[in-house]
Amino acid sequence: MAENKPLSLGEQNYQEFAERYAAAISTKPHNAYYERPATLSLLPNVNRLRVLDAGCGPGIYTQWLLDRGAEVVACDVTPKMVDITRQRVGDLAEVYCADLDQPLSFAGDAQFDLVICPLVLDYLLDWYPVFCEFFRVLKPGGILVFSCGHPTADYIYSQEQKGDGANYFEVEDFVMEWRLFGKPYPVIQSYRRPLQAILNPLIEAGLVLDKVLEPQPTDSFQVADAQGYEQLMRSPGFICVRSHKPGQSSS
């Protein structure tokens, strides 16, 4: 008898937490006034583009893309997130339950003008295969934009937790209690990695690095959380990256 495949970290983290997460991130400062504006600033005009929202969560980005004229395919590994996104957008987007650790069987070669993958990759150990899949499904000239934990911020937290046992150069387990979503505090498991382990798999997969953005919070963040704003103005939390597949788009 075949053994049951263990749940991905994404599903482990979010299946019981999905509804609370979905209810909070429209206005939670780290999402609404920090990561999201930074990631969106790296996108082209999405009108009439075919876009893959890879790791769509509760569909915030999916809805944003649809509202601006994109044709959207979305996927997430967590069934509850898939349900929430389908409830949000109805039949306006194709929404699949899919694991980014596996081939994207729903997507053909060179199908997308743009792939976005915001705050998802931290739950994957090996980024090279998923970057290869993004390369495959992108059209020539297509763009990939993703965000993830900043390697400096994550290492500082790891040092605080592990002391001398922390090693910046390792890709290692990373566990954090998220207190900004209220009690019971979710304990989120992911992976922490150095900068070279973020950028080199991207380059090795054939994608061309365009821009690295270390964002600072918006003014709205300061209104919502003055203390958090001051911290993020001095020390990074996330990093955002834009890259593209070589070639000339025919669209």
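Worth saying up front: this structure is predicted, and the values here are computed from it rather than measured. Any value given below was found using the heavy atoms of this structure, including those in side chains, with hydrogens, waters and symmetry copies removed.
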Over all heavy atoms of both residues, which pair between Tyr168 and Leu195 is shortest? Give the atoms and the distance, please.
OH-N, 3.0 Å
Non-neighbouring partners of Asp173 that pass side chain to side chain contact (heavy atoms under 4.5 Å, CB included), sequence neighbours left out:
Tyr191
Tell me if a side-chain donor or acceptor on Arg192 pairs with a main-chain N or O of Asp122 at a distance below 3.5 Å.
no
Residue pairs, two or more places apart or on separate chains, that pass ring pair (Phe, Tyr, Trp, His ring centres under 6.0 Å) and touch residues 67-96:
Tyr96-Phe106
About how many Å separate CG of Leu121 and CG of Leu100, when rounded to the nearest 0.5 Å?
7.0 Å
Under the ring-ring contact (aromatic ring centres under 6.0 Å, His included) rule, collect the residues that match up with Phe134, sequence neighbours excluded.
none
Got a sec, which pairs hit salt bridge (Lys or Arg N to Asp or Glu O under 4.0 Å) with one end in residues 25-36, sequence neighbours left out?
none
Has Gln161 got more than 12 heavy atoms of other residues, nucleotides or ligands less than 6.0 Å from its CD?
yes
For Ala38, does its backbone N or O pair with a side-chain atom of Ser41 as donor and acceptor, under 3.5 Å?
yes
Roughly how far apart are Leu124 CG and Asp99 CG, rounded to 0.5 Å?
7.0 Å
Parallel, tilted or perpendicular: which fits the ring planes of Phe17 and Tyr14, with parallel below 30° and perpendicular above 60°?
parallel
For residues 144-161, which residue pairs pass the salt bridge (Lys or Arg N to Asp or Glu O under 4.0 Å) check, not counting sequence neighbours?
none
Side-chain contact test, heavy atoms from C-beta onward, threshold under 4.5 Å: evaluate it for Val171 versus Leu125 and give yes or no.
yes
Taking all atoms of both residues into account, what is the closest heavy-atom pair of Ile60 and Ser26, and its distance?
CD1-OG, 3.5 Å
Counting C-beta onward and ignoring hydrogens, is there a side-chain heavy-atom pair between Arg20 and Pro186 closer than 4.5 Å?
yes
Would you call Gln12 and Tyr123 a side-chain contact if the rule is heavy atoms closer than 4.5 Å?
no
Which ring pair (Phe, Tyr, Trp, His ring centres under 6.0 Å) pairs, counting each pair once, include a residue from residues 200-225, with sequence neighbours left out?
His30-Phe221
Is the closest side-chain heavy-atom distance between Pro217 and Gln222 below 4.5 Å?
no
Closest heavy-atom pair, Cys148 versus Trp127, reported as atoms and distance to 0.1 Å, is SG-CH2, 3.8 Å
Please check: side-chain N/O of Glu177 versus main-chain N/O of Tyr185, any donor-acceptor pairing under 3.5 Å?
no
What are the two closest non-hydrogen atoms of Val175 and Gln189, and how far apart are they?
CG2-CG, 4.2 Å
Decide whether Asp83 and Gln87 meet the rule of one side-chain donor and one side-chain acceptor closer than 3.5 Å.
no
Listing request: all side chain to side chain donor-acceptor pair (under 3.5 Å) pairs with a residue in residues 193-213, at least two apart in sequence or in separate chains.
Asp210-His244
Nearest 0.5 Å, please: how far is CD in Gln63 from CG in Leu92?
7.5 Å
Please examine the side chains of Ile203 and Ser243, heavy atoms only from C-beta on, and report whether any two atoms are closer than 4.5 Å.
no
Is a side-chain N or O of Lys80 found less than 3.5 angstrom from the main chain of Ala18, in a donor-acceptor match?
no
Enter the distance from Arg68:CZ to Leu40:CG here, rounded to the nearest 0.5 Å.
7.5 Å
Ser147 to Cys240 - nearest heavy-atom pair and separation:
CB-SG, 3.9 Å
For Phe135, what residues pass the ring-ring contact (aromatic ring centres under 6.0 Å, His included) criterion, not counting sequence neighbours?
none
Under the side chain to side chain contact (heavy atoms under 4.5 Å, CB included) rule, what do Tyr21 and Ile84 come out as? Steps first, then yes or no, please.
CA-CA 11 Å; Tyr21 183 83; Ile84 291 169; over 6 Å; no
Does Val82 share a hydrophobic cluster with Tyr61, counting links as ILVMFWY side-chain heavy atoms below 4.5 Å and allowing steps through other members?
yes
Do Phe112 and Ile143 belong together in a cluster built from hydrophobic side chains that touch within less than 4.5 Å?
no
Does anything in residues 225-241 pair up under side chain to side chain donor-acceptor pair (under 3.5 Å), and if so which pairs, sequence neighbours excluded?
none
The remaining residues in the hydrophobic cluster of Ile156, counting side-chain heavy-atom contacts under 4.5 Å among Ile, Leu, Val, Met, Phe, Trp and Tyr, are none
Ignoring hydrogens and geometry, is there a side-chain-to-backbone donor-acceptor pair from Thr85 to Gly57 under 3.5 Å?
yes
Shared ILVMFWY cluster between Leu144 and Leu209, side chains joined below 4.5 angstrom?
yes
With heavy-atom distances below 4.5 Å as the criterion, would you say the side chains of Leu43 and Trp64 are in contact?
yes
If you measure from CD on Gln248 to NZ on Lys139, what distance do you get to the nearest 0.5 Å?
12.5 Å
Short side-chain to backbone donor-acceptor contact, Tyr34 and Phe238, under 3.5 Å
yes
Is there a continuous path of hydrophobic side-chain contacts, each under 4.5 Å between heavy atoms, that joins Tyr128 to Val130?
no
Checking the side chain of Arg136 only, and the main-chain atoms of Ala107 only, is there a donor and an acceptor separated by less than 3.5 Å?
yes
Taking a hydrophobic cluster as the set of Ile, Leu, Val, Met, Phe, Trp and Tyr residues connected by side-chain heavy atoms closer than 4.5 Å, whether directly or through intermediates, do Leu114 and Phe131 fall within one such cluster?
no
Hits for side chain to side chain contact (heavy atoms under 4.5 Å, CB included) against Glu214, two or more places apart or cross-chain, chain-then-number order -> His150, Ile239
Distance-only donor-acceptor pairs under 3.5 Å for side chains of residues 44-55, two or more places apart:
from	atom 1	to	atom 2	distance (Å)
Asn45	OD1	Asn47	N	3.0
Arg50	NE	Gln111	O	3.3
Arg50	NH1	Glu71	OE2	2.5
Asp53	OD2	Thr62	N	3.2
Asp53	OD2	Thr62	OG1	2.7

Is any side-chain heavy atom of Ser8 closer than 4.5 Å to a side-chain heavy atom of Asp101?
no
Considering all heavy atoms, the nearest Pro246-Gly206 contact
CD-O, 3.3 Å
